[in-house]
Amino acid sequence: SRQLDRPELSPQIILGNTYHLALQPGTDLLADPAIGGLHGFMNWPRNLLTDSGGFQMVSLLELAEITEEGVEFKSPLDGTKMMLRPEDSIR
């Protein structure tokens, strides 16, 4: 937005949450080379920091099943299942 172009309001870094990004817009879209990753999707030229999504494993326990492979979440939007493995959270 134009507000972020104003130096006094513009952060030097933005945090992205792995769970929420995997839910929407989705990992397939963000992995598309034409999109340019999260930076390109957001049109953000500065630093990005992403977390592991581990907090949602606890806070959304009613939507999660913890397995040896990772955590399988049920989407609160449409009920589809999404597996979040440790190696996924650091890609």
Side-chain angles (χ1 to χ4, degrees):
S1 84
R2 288 187 181 149
Q3 291 173 333
L4 293 179
D5 292 335
R6 294 179 53 189
E8 66 273 16
L9 297 177
S10 186
Q12 295 302 304
I13 191 167
I14 291 180
L15 173 67
N17 179 276
T18 299
Y19 167 80
H20 292 288
L21 290 168
L23 190 61
Q24 286 185 328
T27 55
D28 290 341
L29 178 74
L30 293 174
D32 183 341
I35 296 296
L38 186 54
H39 279 95
F41 177 77
M42 294 176 60
N43 192 27
W44 181 250
R46 296 191 187 108
N47 295 314
L48 288 172
L49 172 70
T50 55
D51 72 350
S52 66
F55 177 75
Q56 283 72 30
M57 180 179 72
V58 177
S59 66
L60 298 175
L61 200 52
E62 67 278 0
L63 298 173
E65 180 182 340
I66 302 169
T67 69
E68 284 290 321
E69 186 180 356
V71 182
E72 185 175 65
F73 290 98
K74 181 179 173 185
S75 169
L77 303 173
D78 62 8
T80 59
K81 294 192 177 185
M82 172 186 65
M83 175 62 74
L84 184 59
R85 298 180 303 259
E87 59 269 24
D88 298 329
S89 70
I90 60 170
R91 276 195 310 168

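Below, each value reflects all heavy atoms present in this structure, side chains not excepted, and no hydrogens, waters or symmetry copies.
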Consider only side-chain heavy atoms of I, L, V, M, F, W and Y, link residues closer than 4.5 Å, and tell whether [X] and [Y] are in one cluster.
| X | Y | answer |
| --- | --- | --- |
| L23 | L61 | yes |
| L48 | I13 | no |
| M83 | L21 | no |
| L60 | L77 | yes |

N17 side chain to D51 main-chain N or O, any donor-acceptor pair under 3.5 Å?
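Looks like no, no N/O pair under 3.5 Å.
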Return a table of donor-acceptor pairs under 3.5 angstrom between the side chains of residues 29-42 and protein atoms on other chains or two or more places apart.
{"residue": "D32", "atom": "OD1", "partner": "A34", "partner atom": "N", "Å": "2.9"}
{"residue": "H39", "atom": "NE2", "partner": "R46", "partner atom": "O", "Å": "2.8"}

Pairs under 3.5 angstrom only: tabulate donor-acceptor contacts from the side chains of residues 64-74 to other protein residues two or more places apart or in another chain.
{"residue": "T67", "atom": "OG1", "partner": "E69", "partner atom": "N", "Å": "3.2"}
{"residue": "T67", "atom": "OG1", "partner": "G70", "partner atom": "N", "Å": "3.2"}
{"residue": "T67", "atom": "OG1", "partner": "G70", "partner atom": "O", "Å": "3.1"}

Around atom CG of N43, are there more than 12 heavy atoms from other residues, nucleotides or ligands closer than 6.0 Å?
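No, the 6.0 Å shell around CG holds no more than 12 heavy atoms from other groups.
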